[in-house]
Participant: 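Below are the structure tokens for one structure; questions will follow.
Numbers for residues simply follow the sequence, beginning at 1.
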Amino acid sequence: MADENPKSHPTDNAEKDPDNWVSGEDPMTGAQASYLKTLSEQADDPDAFDDTISKAEASKRIDALKAKLGLDQ
């Protein structure tokens, strides 16, 4: 289909490793902080939440907690 949105089909490299993000060292976003806090409480792992971490570190912790909780499927 000629008028199909190309962004609806991500490329293989659409999900970069957080260590390679240009803005990875920026402070985590509000959305990340909220999600990380929720996941850390659900996983009974309060040490996973730290409001001073970077966007990249928050992403890694979110992924690890999702895996721990079986949400990464």
Participant: Can you measure from NZ (K60) to CG (D17) and round to the nearest 0.5 angstrom?
Facilitator: 6.5 Å
Participant: Checking the side chain of S34 only, and the main-chain atoms of A31 only, is there a donor and an acceptor separated by less than 3.5 Å?
Facilitator: no
Participant: Measure the spacing between CD of E57 and CG of D50 and express it to the nearest 0.5 Å.
Facilitator: 8.5 Å
Participant: Work out which heavy atom in A33 is nearest to a heavy atom in F49; give both atom names and the distance.
Facilitator: O-CE1, 3.4 Å
Participant: To the nearest 0.5 angstrom, please state how far the CG atom of L39 sits from the CZ atom of R61.
Facilitator: 12.5 Å
Participant: Heavy-atom count around D44 CG within 6.0 Å, excluding the residue itself: above 12?
Facilitator: no
Participant: What's the separation between atom CD in E41 and atom CG in L36, rounded to the nearest 0.5 Å?
Facilitator: 10.0 Å
Participant: With side chain to side chain contact (heavy atoms under 4.5 Å, CB included) as the criterion, how do M28 and Y35 come out once you've worked through the C-alpha distance, each side chain's angles and the decisive distance to 0.1 Å?
Facilitator: CA-CA 11 Å; M28 74 174 149; Y35 195 35; over 6 Å; no
Participant: I need the I62 CD1 to T38 OG1 distance, nearest 0.5 Å.
Facilitator: 9.5 Å
Participant: Rounded to the nearest 0.5 Å, what separation is found between the CG atom of L65 and the CD atom of Q42?
Facilitator: 9.5 Å
Participant: Quick check: closest heavy atoms across K55 and Q32, and the distance to 0.1 Å?
Facilitator: O-NE2, 3.1 Å
